[in-house]
Amino acid sequence: MQNGIGILLIFLILTDLLLLGSSRLRNAIRIGAAQGVALGLLPWLAHGHLTGAALLLGAGSAALKGVVFPALLNRALREIHVRREIEPLIGYIPSLLIGTGVLAAAFAFGARLPLPWESPSPLLVPAGLFTLWTGLFLIMARRKAITQVLGYIVMENGIFALGMVVVEAMPLLVELGVLLDVFVAVFVMGILVFHINREFDHIDSDQLTALKEGAP
Amino acid sequence: MFVHYAMPLEGIYLFGLLAGALALLAVSGVGSLLAGRWSERWAVVLGAGGAGVACGAGLAGAIGALLCRVDLTVARPWRMPYGEFRLGLDPLSAFFLIPLFLLSGLAALYAIGYFRPWKGRNPGRFWLFFNGLVASMALVVAARNGVLFLAAWETMTIASFFLVIFDEADSRSAHAGWIYLVATHLGTALLIGLFVLLGSGAGSQDFGTYAAPAGMAGGLFVLGLAGFGTKAGLYPLHVWLPEAHPAAPSPVSAVMSGVMIKTGIYGIVRLLVILGTVPGWCAWLVLGIGAASGILGVLFALAQHDLKRLLAYHSVENIGIIALGIGLGMMGVHAGMPVLAALGFAGGLLHVLNHAIFKGLLFLGAGAVAHATGTRDIERLGGAMKRMPWTGAAFLVGSAAICGLPPFNGFASEFLIYMGAFKAILGSGSAALGGVTVVTALALIGGLAAACFAKAFGIVFLGEPRSAAAAAAREVGGSMRAPMAVLAALCLAIGLLAGTVLRAMDPVVAMLAGNPSTVAAPGAVWVLMPATLFGVLALLLGGLLLLAALRRRLLAGRANRETVTWDCGYAAPAASMQYTATGFAQPLTQAAEGILRPRVESQLPQGVYPASGAYHADTPDVARRMLFDPLFRAAAERLGQLRWLQQGRVHWYVFYLVAVLALLLGWALWA
Amino acid sequence: MGVSAASWIHPVLALALSPLLPGVINRVKAFFAGRNGPPLLQGYHDLWKLFRKGGIASRTTTWVFRAGPLVNFACLLAALAVMPLGAVSAPLPFDGDWLLMAYLLGLGRFFTVAAALDTGSSFEGMGASREVQFAVFAEPALLIGLAALARETQSLSLSPIYAGLAAGGELPLRILLGAGFFILYLAENCRIPVDDPNTHLELTMIHEVMVLDHGAVDLGFIQWGAALKLWVLGALWAGLLPLGALPGPLVRLAAGAGAILALAILTGMVESVTARVRLLRVPQLLVGAGVLCALGLLLTFR
C-alpha cells in the first residue's frame with residue numbers, strides 16, 4: 001500500500017511537470033483529466049480500506065474531473081479552433097526549471113510542516129503543495145483562458161490531495177472542494193457562453209481587460 | 001639577514017635559488033632595456049636568457065621546496081612604515097610558484113619567435129616589463145608583509161598594464177589597457193582596506209601577527225573575495241579580463257591568463273589560512289560565485305568569434321571551477337567533513353596548476369595562428385591543421401584538456417571536485433545541497449565547454465580555409481613550437497600521473513583542509529584518485545593503439561582513394577559554404593539569448609529565388625553593459641560637478657596638497 | 001559481489017552481441033510496418049563487408065578524420081570496463097567510475113564531432129552542431145540521475161550501486177530513473193523521437209549526417225561503436241531492474257543481456273508509434289529527462 005500511494009503521488013507530480021511543459025491544449029486537458037482520475041484513487045489508498053464515503057467521493061471526483069470537465073473544455077476548444085498556447089508569458093523550459101526548484105522547496109517545506117495527524121505518505125504534502133502551485137503558475141504564466149481554467153482545476157486537485165492529510169476533518173473539506181469544483185464548472189461554462197458569441201481570434205485572457213467598465 | 005625559524009640546510013639552498021631567480025629577473029630586465037639601445041640581438045639574449053635561466057632556477061627551487069616541505073620565513077628591515085622585507089616559503093607558496101615559473105619560462109622562449117617580425121623596435125622594453133611581471137608575481141606569492149605584498153601587487157599590475165598596451169599601433173589595446181587599470185585598482189583599494197583591518201589588532205603588517213577582529217572574519221573574507229576576485233576574474237568582476245587578455249601579445253596573454261590571475265586565487269587561499277575559520281555562509285558565497293563564473297563564462301565564450309577573446313572568457317569559466325573546488329573545501333571544513341575538505345581544496349588547487357598549463361598552451365596556439373594568418377577572427381580561419389600540424393595537434397590536446405576529457409589533466413582536477421561533491425551528496429544537510437549545486441554546475445559547464453572547443457578547434461583547424469590569409473598560413477618556428485609541445489606533453493603526463501602529483505601536494509592540502517592527520521592517513525586525497533582509474537585510462541590508450549594497428553592492417557594492400565567531400569550532388573562546393581562558428585554555436589546561443597543578449601544584424605534571404613543574406617552577431621559583456629557602464633557613467637556625471645577643482649595649474653594642486661596635509665595634521669594632533 | 005572471473009564476461013558479451021541490437025530494432029519496426037525487414041544478423045554482415053573494403057576519404061581531411069571513429073570505439077571499450085551488468089561487478093570498478101564513463105562518452109563525442117568538421121561539409125557541420133547542443137542538456141541529467149542512485153545505495157561506484165539496487169531500492173525511484181535514462185538512451189543513441197536514423201534527408205539528421213564521409217573500416221568502427229553505445233547505455237538502464245534475486249552470476253548476466261535486448265524491442269516499438277519531434281523541442285525533452293532524474297534525487301532526500 002505504501003508503494004501504491006507513493007507511485008500515485010509521483011504520478012501526480014509528473015503530470016504537474018507535464019502540464020508545465022506542454023503547449024498543446026488538447027494534451028494538457030488530457031493530462032488534467034488523468035490527474036483527476038488518479039486522484040479519485042487517493043482516498044482509498046490513504047484510508048487503507050474501502051469505505052462507502054471514500055468510494056463515493058473518489059468516484060464522484062473522478063467522474064467530474066475525468067469526464068465532465070474535459071468534455072466541456074474540449075468542446076470549448078472545438079468551438080474556438082485553438083490548438084496550442086502560442087506565446088506563453090514564461091517559456092516551457094524555464095517553466096520546467098522553475099518547477100523543479102519549487103518542487104525541491106515543496107519537499108523541504110513538507111519535511112518541516114508540523115502536522116496534527118500522521119500523513120499517510122511523506123510524499124503527500126510536497127505533492128499536494130506542488131500541484132497547488134502548478135495550478136497557480138498556469139494561471140499566472142499562460143495567456144489562453146482555457147489553460148487558466150485548467151489551472152483552476154489543477155489547483156483544486158492540489159487542495160484535494162492536501163485534504164487527505166486531515167482525513168478526520170474530511171466532510172468539511174469535501175464540501176469546500178465541491179464548492180470550488182462548482183465554481184470552476186461555472187467558470188468554464190461562462191467562458192464558453194461568452195466566447196460563442198464572439199469571434200474567436202482573441203481568447204487571450206489579456207483581452208478580457210476589455211470587459212472592464214468604460215472600455216471601448 | 002635574520003632567520004626566524006630553525007630551518008634545515010636544504011631550505012636555505014632552495015630559498016637561495018628563488019632569491020637568485022628574483023635578482024636575475026630584475027637585473028636582466030633592466031639590462032635588456034639598456035642593451036636594446038645598441039643591439040636588438042643582445043637585448044633579446046639578455047632579456048629572454050635571463051628570464052629562461054631565472055625561471056629554470058625558480059622552478060627547481062619551488063619543486064624542491066614543495067617536495068622537502070620547506071617552511072621558513074626570512075626578514076630584512078625595510079624603510080617603509082609598517083613595511084618589512086619579509087619573505088616566506090611554505091608549501092602553499094611553493095605550489096603557486098611552480099606554474100608561475102614554468103609557464104613564464106616557456107612564454108619567454110615563445111616570445112623570441114613571436115617578436116622576430118617586429119624589427120626596428122627596442123625589444124628591451126618588452127623584456128623589462130615581462131621580467132618585471134614575473135618577478136613581481138613571484139614576490140606576491142612569497143611576501144609575508146602587507147606593505148610588501150601591496151607593493152609587489154602594484155608592480156605586477158603596472159608591468160602587466162604596459163604589456164597589454166605594448167602593441168601601441170592598436171588603439172583597442174590602449175582602451176583595453178585602461179579598463180584593466182581602472183578595474184584592478186578598484187580591487188587594490190579593497191585590498192588596502194583588508195590589510196589595514198587585519199593589521200589593526202597587532203599594529204603590525206606581518207602576516208604572522210594578522211588577526212581578524214572578533215566577529216569580523218566573514219566581512220573581511222568578503223572584502224578579500226572582492227579585492228582578489230577582481231584580479232582572478234570572478235563574475236561579475238571579470239569585465240576587464242575579456243578586454244585585456246586578447247589585446248596583449250600572445251605570450252603575455254598566456255602568462256596573464258595562465259598564472260597572473262591565479263595570484264588572485266592565491267590571495268583568497270592565503271586569506272583563508274590567515275583567518276583560520278570563516279562562517280559557513282562564506283562557503284556558499286564562494287560556491288555561488290563559482291557556479292555563476294563557470295556557467296556564464298563558458299556561455300559568453302561560446303558566443304565569441306575572436307579566438308583570444310573566447311579563450312579569455314574560458315579563464316572566467318575555469319576560475320569558476322577553481323572557486324567551486326575551494327567552496328566545497330570550505331564547506332567540508334565547516335561541516336567537519338575532512339575528506340570533503342581535502343577533495344575540494346585538492347581539486348581546486350590542482351585545477352590551478354592544470355589551467356595554467358592548458359590555458360597557456362591554448363593562448364600560445366592561438367598566438368601561433370594569429371602570427372601565421374594575421375587574424376584572430378574565427379570566421380576567417382580554417383584548415384590550419386594541414387598547414388600547421390604541430391600547432392594543431394597541440395591545440396587539440398589543450399582543447400580536450402580544458403573540456404575535462406580523459407586522459408588529460410583537466411579530467412583529474414574536475415574528477416576530484418566531482419568526487420567531493422558526490423561525497424557531500426551522500427551525507428546530509430546543507431553540504432548535500434552544495435554537492436548537488438556543484439554537480440549540476442560542473443556537468444553543465446562540461447557540456448558547454450565541449451561545445452565551445454568543438455567550435456574553436458573545429459572551425460579554426462579543420463575543414464577548408466575561409467580566407468586567403470588562412471590559406472597562406474605556415475607552421476611557426478621552433479622557438480614557438482617547443483613550448484607548445486612541452487605544455488601538451490604535460491597535459492597528458494599530469495592526466496596519467498595525477499596520483500603522484502597529488503601526493504606531492506599533500507602538505508598544501510593539509511594546510512587548508514585543517515587537520516593534517518586526516519589527510520596523511522589512509523583515505524588521504526591521493527587514495528581517492530584510485531589507481532584503477534589510471535588502469536582504465538591505460539586501457540583506453542592501449543585500445544586506441546591496437547585499433548590503429550588493426551585499421552592499418554585491414555587497409556593494407558587495398559585500394560585507398562582520395563576524393564572530394566560528399567556534397568549531396570551540389571556541383572560547385574566552396575569553402576564559404578562550410579558551417580561558420582556563429583552558425584555552429586547558434587542553437588545554444590539562441591537558447592541562452594536572454595542571458596547573452598547578442599546584438600544581431602541579420603538580413604534574411606527573401607523571395608522564391610533568394611539572392612543574398614547576411615547574419616552577424618556580436619556579444620559584448622552583459623555585466624559591463626548592464627552594471628558597470630551605467631555605474632561609471634553616473635559616477636562621471638556626479639564627479640563632473642567637481643571639475644572646477646581641476647584648473648590645470650600646478651600651484652593650485654600644491655595648495656590642495658598643503659591644505660589636506662594641514663587638515664590631517666590637525667586631526668591627528670587634536671582629534 | 002566483488003570482481004570475479006565472471007566480470008570479464010560482460011565486455012566480451014557486449015562486443016559480440018551488440019551488432020544484434022540495431023537488427024532487433026529494425027525487425028521490430030518492420031513488424032509494426034507489416035514488412036519482413038532485414039535479417040536479424042544484418043549488422044554482422046555489414047561489419048564483415050566493411051572491414052574488407054578499401055578506404056576512401058576526402059582530400060580536405062586530416063588525421064583527425066581518421067582518428068574519430070577509432071577514438072570513439074576505444075572510449076566505449078574502456079567504458080565497458082567499468083559497466084556492470086545484471087548486478088555482476090564490472091572488471092575494473094572504482095569510486096567515481098561513472099564520471100569516467102560519462103566523460104569517456106564525452107571524449108568519443110568530441111572526436112566524432114571533430115571528424116565531422118574535418119570534412120568541411122556544411123551538412124556534417126550541421127549534425128555536429130546539433131550533437132554538441134543536445135549533449136549540453138543530456139550530461140547534467142545523467143549525472144543527477146547517477147547522484148540519486150549513489151545516494152540511494154550510499155556508494156560511489158557503478159558496480160556496488162547496481163548490486164545494491166538489485167537487492168532493494170525504492171520502486172518509485174526506479175520508475176523515475178527508468179523513464180529518465182530511457183530518454184537519455186534514445187537521445188544519446190540518436191533514435192526517434194530525437195533523431196531518425198533511417199531518414200534520407202541530410203538536413204534533419206544528426207548522427208548519420210556526421211558520418212557521411214566515412215567509409216570502409218572507419219564506417220565499420222562507427223557502426224560497431226554505435227551498437228556498443230546502445231549496449232552500454234542499455235546496461236545503465238537494465239541495472240534498474242531487480243535482477244539481483246536471480247541465482248548465480250551467469251544467470252544474472254544472461255538476464256541483463258536479455259533486458260538490453262528487451263530495451264531494443266521497446267525502442268523499436270517507440271520508433272514505430274511516435275514521430276520525430278521538432279529539433280527545437282528536443283532540449284525540452286532532455287530537460288524533462290533531467291527533471292525526472294532530479295525528482296528521483298529529491299525522493300532520496302526524504
Side-chain angles (χ1 to χ4, degrees), chain B residues 385-386 396 400 403-406 411 415 418-419 422 425-426 432 436 439-440 443-444 446-448 450-451 454 457-459 462-464 528 530 532-533 535-536 539-540 543-544 547-548 551 554-555 558-568 575 577-579 583-588 591, chain C residues 51 53-60 62 64 70-71 73-75 77-78 81-82 92-96 99-100 103-104 106-107 109-110 113-114 117-123 125-126 128-130 132-133 135-137 139-140 143-144 147 150-151 154 156 202 212-213 216-217 221 283 297 301:
Chain B
M385 195 73 171
K386 274 220 156 101
L396 176 59
C403 295
L405 295 174
F411 177 72
F415 180 85
Y418 264 124
M419 284 310 283
F422 279 116
I425 288 177
L426 290 200
V436 175
V439 168
T440 315
L444 203 57
L448 287 167
F457 174 73
I459 306 288
L462 304 176
E464 293 286 346
L528 292 166
T532 319
L533 168 64
V536 180
L539 195 71
L540 172 74
L544 192 57
L547 286 173
R551 179 182 187 276
L554 283 169
L555 285 176
R558 302 195 191 278
N560 286 302
R561 287 185 297 132
E562 291 226 311
T563 176
V564 294
T565 294
W566 166 241
D567 46 19
C568 297
M577 288 170 59
Q578 294 176 96
Y579 236 55
F584 187 81
Q586 191 264 352
L588 283 167
Chain C
F51 279 135
K53 286 184 111 175
I56 183 165
S58 159
R59 264 178 226 108
T60 308
T62 62
V64 176
L70 301 185
V71 173
F73 196 82
C75 285
L77 277 185
V82 297
L92 296 172
F94 58 91
D95 275 2
L99 281 171
L100 182 65
Y103 275 74
L104 280 172
L107 180 66
R109 182 183 306 119
F110 187 84
V113 164
L117 287 171
D118 202 11
T119 61
S121 156
S122 44
F123 294 113
M126 194 179 291
S129 165
R130 289 171 185 164
V132 295
Q133 181 206 0
V136 168
F137 295 97
E139 201 142 315
L143 286 178
I144 291 174
R151 219 183 126 78
Q154 289 290 312
L156 285 170
E202 288 89 340
L212 270 181
D213 263 274
V217 181
F221 278 122
L297 182 59
F301 270 94

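Below, chain A is the first sequence line, B the second, and so on; all start at residue 1. Because only heavy atoms are used, hydrogens play no part in the values below, and waters and symmetry mates are left out as well, while side chains stay in.
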Worksheet item: So how far is it from B:Leu533 CG to C:Asp95 CG, rounded to the nearest 0.5 Å?
Response: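 CG of C:Asp95 is found 11.0 Å from CG of B:Leu533.
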Fill in: Distance in Å, B:Leu426 CG paired with C:Leu156 CG, rounded so as to fall on 0.5 Å steps
4.5 Å
Output the option from [options] having the highest count of non-hydrogen pairs under 4.5 Å with chain C.
options: B:Thr532, B:Leu448, B:Leu555; result: B:Thr532
options: B:Leu444, B:Val536, B:Ile459; result: B:Val536
options: B:Thr563, B:Leu540, B:Leu588; result: B:Thr563
options: B:Pro406, B:Gly447, B:Gly458; result: B:Pro406

Worksheet entry | Interchain contact, B:Phe422 with chain C, by part (heavy-atom threshold 4.5 Å) |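 Its backbone and side chain both get close to chain C.
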Heavy-atom closest pair, residues [X] and [Y]:
X: C:Val132; Y: B:Ala454; result: CG1-CB, 4.2 Å
X: C:Ser129; Y: B:Tyr579; result: CB-CE2, 3.7 Å
X: B:Ala548; Y: C:Leu70; result: CA-CD1, 3.8 Å
X: B:Ile425; Y: C:Ala147; result: CD1-CB, 4.0 Å
X: B:Met419; Y: C:Leu99; result: SD-CD1, 4.1 Å
X: C:Gly55; Y: B:Asn560; result: N-OD1, 2.8 Å

Worksheet item: Is it the side chain or the backbone of C:Val71 that comes within 4.5 Å of chain B heavy atoms, both, or neither?
Response: both
Worksheet item: Which bit of C:Pro93 is near chain B, if near means a heavy-atom gap under 4.5 Å: side chain, backbone, both or neither?
Response: backbone
Report yes if the side chains of [X] and [Y] come closer than 4.5 Å at any heavy-atom pair, otherwise no.
X: C:Phe110; Y: B:Leu396; value: yes
X: C:Leu100; Y: B:Phe415; value: no
X: B:Val564; Y: C:Arg59; value: yes
X: C:Leu77; Y: B:Leu539; value: no

Item to complete: Quick one: which of C:Ala128, C:Ala78, C:Ala57, C:Ala114 has the most heavy-atom pairs under 4.5 Å with chain B, could you say?
Response: C:Ala57
Response to the item:
Of C:Phe94, C:Phe51, C:Phe73, the largest count of non-hydrogen pairs under 4.5 angstrom with chain B goes to C:Phe94
For the side chain of [X] and the backbone of [Y], is there at least one donor-acceptor N/O pair under 3.5 Å apart?
X: B:Lys386; Y: C:Thr62; result: no
X: C:Asp118; Y: B:Leu462; result: no
X: B:Thr565; Y: C:Thr119; result: yes

Discussion item. Over 60° means perpendicular and under 30° means parallel, so tell me whether B:Tyr418 and C:Tyr103 are parallel, tilted or perpendicular.
Written reply: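 Answer is perpendicular, since the angle exceeds 60°.
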